[in-house]
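Chain identifiers are assigned alphabetically (A, B, ...) following the order of the sequence lines, protein sequences preceding nucleic acid strands; residue numbering begins at 1 within each chain.
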Protein chains: 2
Amino acid sequence: MFEPPTLKDIANALGLSTSTVSRALRDTYEISAKTKKLVFDYAEKINYQPNPNALSLKERRTKSIGVVVSEVANHYFSQAINGIESIAYDRGYHVIITQTHESYLREKINVQHLASRSIDGLLVSLSAETADTSHFNYLHERGMPMVFFDRVPNNINTHKITANNEQGAFEATSHLIKSGCKRIAHLASSDHLSISIERLRGYTAALHQHGLQVNPDYIKHCPHGGMFPEETEHAVSELMNLKDKPDAIFIAGDRLSIGCLEVLKKLNIKVPEQMAVAGFSNSNVLDLFEYPMSSVRQPAFEMGEAATEMLLQLIESKYPVTEFKDKVIDTELFARD
Amino acid sequence: MFEPPTLKDIANALGLSTSTVSRALRDTYEISAKTKKLVFDYAEKINYQPNPNALSLKERRTKSIGVVVSEVANHYFSQAINGIESIAYDRGYHVIITQTHESYLREKINVQHLASRSIDGLLVSLSAETADTSHFNYLHERGMPMVFFDRVPNNINTHKITANNEQGAFEATSHLIKSGCKRIAHLASSDHLSISIERLRGYTAALHQHGLQVNPDYIKHCPHGGMFPEETEHAVSELMNLKDKPDAIFIAGDRLSIGCLEVLKKLNIKVPEQMAVAGFSNSNVLDLFEYPMSSVRQPAFEMGEAATEMLLQLIESKYPVTEFKDKVIDTELFARD
DNA sequence: TAAATTTATGCAATCGTTCCCGAGAACGAT
DNA sequence: ATCGTTCTCGGGAACGATTGCATAAATTTA
C-alpha cells in the first residue's frame with residue numbers, strides 16, 4: 001500500500017544508474033553539477049526519503065536508542081525522557097521508550113525486544129523487582145553500549161548517573177525533625193534498589209545526627225514500588241497499627257507519595273496535623289494541596305540529558321571505552337510547612 | 001562492537017547453506033527432522049535472533065507503529081499508551097512514542113520522522129496548535145494506515161475514536177449548576193481542536209437547559225492547551241478581573257486543570273468556597289485534595305486499545321479499507337462536593 | 001597525433017534475510 | 001535399465017542503499 005520512492009525509481013526516471021543518484025544526493029565531488037541539480041530537483045519533487053532499514057542493514061547501526069523505565073506516568077521519568085529526547089533528536093537519534101511497570105519479567109522481555117530490534121544503545125533505570133541483572137550483563141559483555149540512570153546496578157561496569165539520594169533523604173528527614181517530628185517512619189521501594197539503599201542511608205544518618213533512634217518497625221519496603229495499591233495500603237496500615245505511631249513519614253518516591261497520601265486520606269488521617277509527610281517526588285501537583293508536602297526534587301531533565309550524552313559518547317566512540325563515569329547530581333529540597 | 005550472529009554464521013558452522021538454515025528455523029516442511037534439530041540446537045546455543053532490519057527490508061514492513069501524542073506526562077495519554085502497548089505487544093508490534101508538546105512544528109517533524117522510519121501505521125492525537133493537517137493528508141493519500149484518537153481531524157477519512165466529550169462536558173457543567181453555581185466560566189484548549197468544540201457544545205447545552213445565559217467573557221481558550229503556564233495564568237486572571245466574577249470554572253483538560261488550580265492558589269482563591277471547579281482529567285492525584293474537584297474521566301486505556309485494534313486491522317487488511325468507523329466512548333463523571 | 005590525465009558515470013559486491021528454482025539422491029514402478 | 005516422484009538441500013536473485021573499481025568520454029599534455 002504505502003510504497004515510498006527508492007533510488008531506483010529516481011534512476012529509472014532520469015536514465016541514470018542508482019550509484020550516480022546515490023552519489024548525487026550525497027553531494028560527492030565526482031558528480032557533475034548539472035546531474036546533481038537534475039537529481040536533487042527530482043528527489044525533492046517526489047519527496048524522496050532514503051529507506052532507513054536498507055541504511056541500517058548497510059551501516060550496521062540503527063541510529064536509535066532504547067529506553068527502559070518503570071512508567072512514563074511517573075513525573076520523574078517523563079521529565080527524564082524529555083531530557084533524553086532533547087539530546088537524542090539533536091544528534092539525529094530516535095528514541096524507543098519501553099515501560100517495565102516495575103516488573104522484572106517485563107523488563108527482561110523489553111530488553112530482549114530492544115536488543116533484537118538492533119538498537120545502538122540502551123538507557124536504563126531498573127525495575128523495582130529486578131534483583132538479577134544478567135539480561136543486561138549478557139548484552140554488556142557482547143559490547144552493547146548502555147548507561148544506567150536513577151536506579152543503577154552495582155555489578156555492571158559502565159557509565160552511571162544518579163541523584164544524590166543520600167543527601168536528599170538526609171535533608172528531607174532533617175526537615176521533618178526540625179519541624180518537630182520525633183517518630184519518623186520511612187516508606188521505601190524494594191530493598192535491593194540502589195535508590196532505596198541510598199535513601200535509607202540518608203534517613204538513618206539524619207536520625208542519628210539529631211540523636212534519634214532508628215526503629216526498624218518504622219521502615220517499610222514495598223517490593224513493587226507501590227505499583228499495586230494494596231502494597232502501599234498494607235505498609236501504611238502497619239505503621240498506623242503500631243502502638244507507638246509515627247508522627248511523620250519520609251517517603252522514597254513519587255508513586256509511593258501519592259499512594260501514601262491516598263491511604264492516609266482513606267484512613268482519615270489529616271496531613272500534616274496528624275501526620276507530617278515529606279519525600280522524593282517530581283510532581284508539581286503536590287504543591288496544590290492546602291498544606292503542600294515538602295519534596296525532594298531530582299533534576300530529572302538534566303539527568304536524562306547527561307545519560308544520553310554519555311550513551312552517545314559510548315556509541316560513537318572509535319575505540320572501546322574502559323573508563324566509566326559515575327555522575328552524581330545534587331537534589332533540591334522544596335521545604336513547605 | 002555488538003555483532004549478533006547471522007544465518008551465515010550458522011550455515012558455515014554447520015556446513016549448510018543459508019537457505020537451508022533459514023528454512024529449518026522457520027520449520028518448513030522441506031527440511032529433514034534431523035537437520036532441523038541440528039540447526040535449532042545450534043541457533044539456541046548461540047542465541048540467534050534474526051536481524052529485524054534485513055527482515056523489514058525484505059518483507060517491506062517493520063512490525064512497528066508510531067504514536068503521536070502531546071505529552072506522556074499527561075495522565076490521559078500515559079493511560080492510553082498503556083492500552084496501546086497492551087494490544088500492540090500481544091500482536092507482535094513495537095510501539096514508537098513521540099511527543100509534540102502541543103507544537104505544530106514538532107508534530108510535523110515527528111510524523112515526518114516516523115514515516116521515514118517506515119513504520120507500518122500511525123496512531124495520532126493532534127497537537128493543540130495543529131490547524132493544518134496536510135502532513136497527515138499527504139501520508140494518508142499515499143496509503144499509510146492511520147487512526148486518530150481523542151483529538152481528531154474532520155477532513156481525513158479513516159478510523160477515529162473519541163470520548164463522548166459533549167456528554168462529559170454537559171454532565172460536569174450540570175453538576176456545577178446543581179451545586180448552586182450560577183456564573184460558570186469555561187477554560188478551554190485551543191479553539192479548533194475537536195475536543196474543544198465538543199466540550200464547549202456540552203457546556204453551552206448544559207447552561208441552556210438550566211436556563212442560564214452563555215456569557216462570551218466567561219469562555220477562555222488557551223491556544224497551547226496550557227503548555228505554557230503564562231497562558232493559563234493570563235486566562236484565569238482575565239476571568240478574575242471581570243466585574244461580574246464567575247463562581248465556577250469548567251475546565252476542558254488535564255493540564256489546564258492543574259494549571260488553573262495553581263493560578264487560583266497563587267491568587268489565594270479558595271477552592272471550592274470561592275470558586276467551584278470541575279473538568280476533564282484522568283489524574284487520580286486530584287482526589288487527594290481536601291475538597292477534591294469533580295472530574296470527567298475518559299476511558300483512556302480502552303481508547304488506546306480500541307485505536308490499536310483498528311489500526312492493526314487497517315495494516316493487516318488484504319484489501320484497501322473504505323468503510324471507516326467513528327467510535328465514541330462514554331465518559332464517566334466522578335462527582336465530589 | 002598519440003598518450004596521459006581528468007571527469008563523469010556504471011557495474012557489481014555488500015549488508016542479512018527470504019524464496020523461487022533447480023539439482024541430486026533415493027525409491028518404487030514399469 | 002529407465003523414468004517419474006518425492007524428499008532434501010543449495011544457488012542465486014531480490015529488498016534499498018553505499019562504495020571500490022572499472023570504463024568511457026572529454027580534456028590536457030607531450
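With contacts defined as side-chain heavy-atom distances shorter than 4.5 Å, the pair A/Val95/A/Ile65 qualifies.
Every residue two or more places apart in sequence or in another chain that forms a side-chain contact (heavy atoms from CB on, under 4.5 Å) with B/Ile195 is listed here: B/Asp150, B/Arg151, B/Asn165, B/Leu193, B/Arg199. Applying the side-chain contact (heavy atoms from CB on, under 4.5 Å) rule to A/Ser56 yields the partners A/Thr62, B/Asn53; only residues at least two apart in sequence or on another chain are considered. Evaluation of the side-chain contact (heavy atoms from CB on, under 4.5 Å) rule for B/Glu305 yields B/Ser86, B/Ile87, B/Phe301, B/Glu302 as partners, not counting sequence neighbours. Judged as a ring-ring contact (aromatic ring centres under 6.0 Å, His included), and not counting sequence neighbours, the contacts of A/Phe324 are A/His159.
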Quick tally for nucleotides 10-18 of chain C: nucleotides whose base has a protein heavy atom under 4.0 Å get B, sugar-phosphate-only ones S, the rest -, giving BB--BBBBB
Output one line per pair: protein atom, nucleotide atom from nucleotides 26-28 of chain C, and distance, for all N/O pairs under 3.5 Å.
none

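Pair assignment for C/dG24: D/dC7, on the basis of Watson-Crick or G-U wobble contacts that are both within less than 3.5 Å.
Within 4.0 Å of A/Thr35, counting heavy atoms only, lie sugar-phosphate atoms of the nucleic acid but no base atom.
Electrostatic pairing of B/Lys45 and B/Asp41 does not count as a salt bridge here, judged by no charged N lying under 4.0 Å from a carboxylate O.
Side chains of A/Ser194 and A/Asn154: no donor on one and acceptor on the other come within 3.5 Å.
Looking at A/Asp9, its side chain does come within 3.5 Å of a backbone N or O of A/Thr6 through a donor-acceptor pair.
Computed from coordinates, the B/Leu38 CG to D/dT8 P distance equals 15 Å when rounded to whole Å. Spacing between atom CG of A/Leu25 and atom P of C/dA8 amounts to 17 Å, rounded to whole angstrom units. In this entry the distance linking NZ of B/Lys36 with P of D/dC7 reads 12 Å, nearest Å.
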